[in-house]
Structure formats: C-alpha cells, structure tokens
Amino acid sequence: MRQKKHYGATRILITALLVLTLGLISLPELQAEYGDVVINNYSDESGMRPVVFPHWFHRIRFRCKVCHADLGFKFEAGGNDIDMLKIIDGEYCGACHNGDVAWSVENCDLCHSGKTGTATQVHESTLQKLTTPAGINRVK
Ligand code: HEC
Ligand code: HEC
Ligand code: HEC
C-alpha cells in the first residue's frame, strides 16, 4: 500500500514536469497524461477481463468533484475497492451506469474490455491498444 502511494506521488510529480515541458511542444504527449485506467484488483481472478476506465472521456463530461468528492473515488489507479454488488447498488460506476445517466451494467464487455493479464495501471495509450473487441450490442 505504501509502495503504491509513493508511486502515485512520484507519478504526479513526473506528470507535472511533463505537462510543463513536453506539453508545450507536443500535444500527443500531453494527451497521454489523460490515460485510461486499468482496474484489475479482482477481474482476472474472477475470470473477467480487466476493466478499462476511459478517464479522459469522463473528465470532459463531468467535473472532477462529481467522482472524486461526491462519489468518493480515490485518486489512485486500483485504489478503490470496487465490486459488482456495489456497482449494482449504485455506488462507483453504478451511480451513472444504471441505464439512466449512462448505459447499464448488463454491458459487461464495455467495461471489462481489457486484455486478460493486464495489471492495474494508468495506461498512456489509446483505448484501442488496450482493449479487445467486445462483439456485443449495447443494452440501454
Ligand atoms: C460500468 C462498468 C462495469 C460494467 C458494465 C460491469 N462491470 Fe464488473 N466491474 C467493474 C469494475 C470497475 C470492477 C472492479 C474491477 C477490479 O478491481 O478488478 C468490476 C468487477 C467485477 C468482478 C469482480 C468483483 C466481483 O464483484 O466479484 C466481476 C466478477 C464482474 N465485475 C463481473 C461483471 C459482469 C458479469 C458484468 C455484466 C453483467 C459486469 N461485471 C459489468 C465495472 C463494470
Ligand atoms: C466519471 C468519474 C470521474 C471523473 C469525472 C474524474 N475522475 Fe479521476 N478517476 C476516476 C476513476 C474511476 C479513477 C480510477 C480509480 C481506480 O482505479 O479505482 C480515477 C483516477 C484518477 C487519478 C489517479 C490516476 C491517474 O491518472 O494518475 C487522478 C490523479 C485523477 N483521477 C484526477 C482527476 C481529475 C483532476 C479530474 C477532473 C479534471 C478527474 N479525475 C475526473 C473517475 C473520475
Ligand atoms: C458521473 C457519471 C459516470 C460515472 C461515475 C462513470 N461513468 Fe462511464 N460513462 C458515463 C457517461 C455519461 C458515458 C457516455 C454514455 C453514452 O455514450 O451513452 C460513459 C461511458 C463510459 C464508457 C464508454 C466510453 C466510450 O468510449 O464510449 C466506458 C467504458 C465507461 N463509461 C466505463 C466506466 C467505468 C468502468 C466506470 C467506473 C470506474 C464509470 N464508467 C463511471 C458516466 C459515468
């Protein structure tokens, strides 16, 4: 746990430096800072593909406060103890993915879209490179 926190702090520092330097000259580098978060505390061991959370997609639609204060998401990849019971109860992702604010939990593959074995991380690539095709239709 301490190891993780330390890593997080280091990462924020590195991020700040990157934004200040690379960000001024290179847009792709800057966009990489809004990386997808892979969440895999339980998925692999439960036989589900890891969750890929497209952070940037959400950040442009909602204020940070909505998730990080009101819904209680900690600022740490994998730092929230999320499971499906909580989601179905309307916590975490389930506050919106309820068929009302956004498509509902039946769309397993839209969240569990990572490649099996991908560790929890902030990934600095596009969603496409991380995911495997879902091959299902969305259910509202
Ligand atoms: C809105 C996004 C979302 C959808 C849709 C979703 N999940 Fe999840 N699910 C998560 C997240 C986030 C976690 C936590 C991932 C982790 O830590 O590995 C999780 C964890 C799990 C876990 C492991 C923890 C537990 O509850 O046992 C299982 C199994 C699981 N999901 C199955 C499913 C199934 C089956 C469906 C479709 C009926 C589904 N999920 C749909 C986001 C989603
Ligand atoms: C729709 C919900 C949502 C919104 C809006 C949101 N976040 Fe997040 N954020 C998350 C989730 C989910 C995670 C990953 C948590 C996990 O893995 O358990 C995360 C992780 C993070 C992290 C740690 C991972 C990393 O990228 O270093 C930081 C920092 C962060 N968010 C900052 C922000 C900021 C700043 C904003 C507003 C500009 C914001 N978030 C808006 C849901 C959100
Ligand atoms: C504050 C509300 C909110 C929360 C919390 C939230 N989402 Fe979303 N999410 C949305 C909305 C709105 C959309 C767009 C739905 C649409 O296009 O119909 C979306 C879309 C998505 C998409 C599809 C992105 C795309 O490219 O189309 C994924 C994947 C996703 N969410 C996963 C998650 C996961 C995993 C969590 C929890 C870790 C989560 N979301 C939490 C509101 C939320």
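Atoms within each ligand, like the ligands themselves, are counted from 1 in listed order.
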Rounding to 0.5 Å, atoms CZ (Arg63) and NE2 (His68) come to a distance of 14.0 Å
Any atoms of ligand 3 less than 4.0 Å from a non-hydrogen atom of Val66? List them with their elements.
-> 1 (C)
Does ligand 2 have a heavy atom under 4.0 Å from the side chain of Phe62, from its backbone, from both, or from neither?
-> both
Atom 3 (C) of ligand 1: the protein heavy-atom neighbour that sits closest, reported with distance to 0.1 Å | Cys111 SG, 2.8 Å
Short N/O/S contact of Cys67 with atom 8 (Fe) of ligand 2 (below 2.8 Å) = no
Checking heavy atoms under 4.0 Å, the part of Ile82 that sits near ligand 3 is neither
Which protein heavy atom lies closest to atom 22 (C) of ligand 1, and at what distance to 0.1 Å?
-> Met84 CG, 4.0 Å
Verify the cluster assignment for Ile87 and Met48: are they in a single hydrophobic cluster under the rule of side-chain heavy atoms below 4.5 Å apart?
-> no
Measuring from the heavy atoms of His97, does anything fall under 4.0 Å of ligand 3?
-> yes
Is there a side chain to side chain donor-acceptor pair (under 3.5 Å) between Tyr42 and Asp81 once you walk through the steps?
-> CA-CA 9 Å; Tyr42 303 112; Asp81 196 32; 2.2 Å; yes
Proximity of Arg63 to ligand 2 by residue part, where a heavy atom lies under 4.0 Å | backbone
Which of the atoms of ligand 2 are close to Ala77, meaning less than 4.0 Å from one of its heavy atoms?
-> 17 (O)
Is it true that the NZ or CZ of Arg61 lies under 6.0 Å from the centre of Phe57's six-membered ring and within 45 degrees of the ring axis?
-> yes
Answer yes or no: are there more than 12 heavy-atom neighbours, outside Lys86 itself, under 6.0 Å from its atom NZ?
-> yes
State, with a plain yes or no, whether a side-chain heavy atom of Val51 is found less than 4.5 Å away from one of Ser43.
-> yes
Heavy atoms, side chains only, cut-off 4.5 Å: are Asn80 and Tyr92 in contact?
-> yes
Short N/O distance, under 3.5 Å, between Tyr42 and ligand 1?
-> yes
Which atoms of ligand 3 have any heavy atom of Cys96 under 4.0 Å away?
-> 1 (C), 2 (C), 3 (C), 4 (C), 5 (C), 42 (C), 43 (C)
Taking the side chain as C-beta and beyond, is there a heavy-atom pair between His55 and Asp36 under 4.5 Å?
-> no
Relative to the heavy atoms of Val122, which atoms of ligand 2 are at a distance of less than 4.0 Å?
-> 24 (C), 25 (C), 26 (O), 27 (O)
Interfacing atoms of ligand 1 (cut-off 4.0 Å, heavy-atom, Asp83) | 24 (C), 25 (C), 26 (O)
Contact between Ile87 and ligand 1, counting heavy atoms under 4.0 Å?
-> yes
Closest to atom 6 (C) of ligand 2 among His68, Lys74, His58, Glu76 (heavy-atom distance) = His68
Find all atoms of ligand 1 within a distance of less than 4.0 Å from any non-hydrogen atom belonging to Val105, and give their numbers and elements.
-> 5 (C), 37 (C), 38 (C), 41 (C)
In the protein, what heavy atom is nearest to atom 23 (C) of ligand 1, and what distance, to one decimal place, separates them?
-> Ser46 OG, 3.5 Å
Taking only heavy atoms of Phe53, which atoms of ligand 3 are found under 4.0 Å from at least one of them?
-> 33 (C), 34 (C), 35 (C), 36 (C), 38 (C), 39 (C), 40 (N), 41 (C)
Indicate yes or no: does an N/O atom of Gly78 lie under 3.5 Å from an N/O atom of ligand 2?
-> yes
Using heavy-atom distances, let me know which of Lys86, His112, Met48 sits nearest atom 20 (C) of ligand 1.
-> His112
Record the part of Leu110 in heavy-atom contact with ligand 3 below 4.0 Å; permitted values are side chain, backbone, both and neither.
-> backbone
By number and element, which atoms of ligand 2 are closer than 4.0 Å to a non-hydrogen atom of Val37?
-> 14 (C), 17 (O)
For ligand 2, which atoms have a heavy atom of Ile39 less than 4.0 angstrom away?
-> 16 (C), 17 (O)
In ligand 3, which numbered atoms sit nearer than 4.0 Å to a non-hydrogen atom of Leu71?
-> 5 (C)
Any atoms of ligand 3 less than 4.0 Å from a non-hydrogen atom of Val51? List them with their elements.
-> 35 (C)
N/O of Ser104 under 3.5 Å from N/O of ligand 1, yes or no?
-> no
Rounded to the nearest 0.5 Å, how far apart are CG of Asn98 and SG of Cys93?
-> 11.5 Å
Answer yes or no for Ser43: is there an N/O/S atom below the 2.8 Å cut-off from atom 8 (Fe) of ligand 1?
-> no
Could you confirm whether Cys108 has any N/O/S atom lying under 2.8 Å from atom 8 (Fe) of ligand 1?
-> no
Which atoms of ligand 1 have any heavy atom of Asn107 under 4.0 Å away?
-> 5 (C)
Go through Thr120 and Asn40 one step at a time and tell me if the side-chain contact (heavy atoms from CB on, under 4.5 Å) criterion holds.
-> CA-CA 5 Å; Thr120 297; Asn40 192 2; 3.8 Å; yes
Pull out every atom of ligand 2 sitting under 4.0 Å from any heavy atom of Gly79, numbered as shown with elements.
-> 18 (O)
Which bit of Cys93 gets closer than 4.0 Å to ligand 3, counting heavy atoms only: side chain, backbone, both or neither?
-> both
Classify the ring geometry between Phe73 and Phe53 as parallel (under 30°), tilted (30 to 60°) or perpendicular (over 60°).
-> parallel
So which protein heavy atom does atom 17 (O) of ligand 1 come closest to, and at what separation?
-> Asn41 N, 3.0 Å
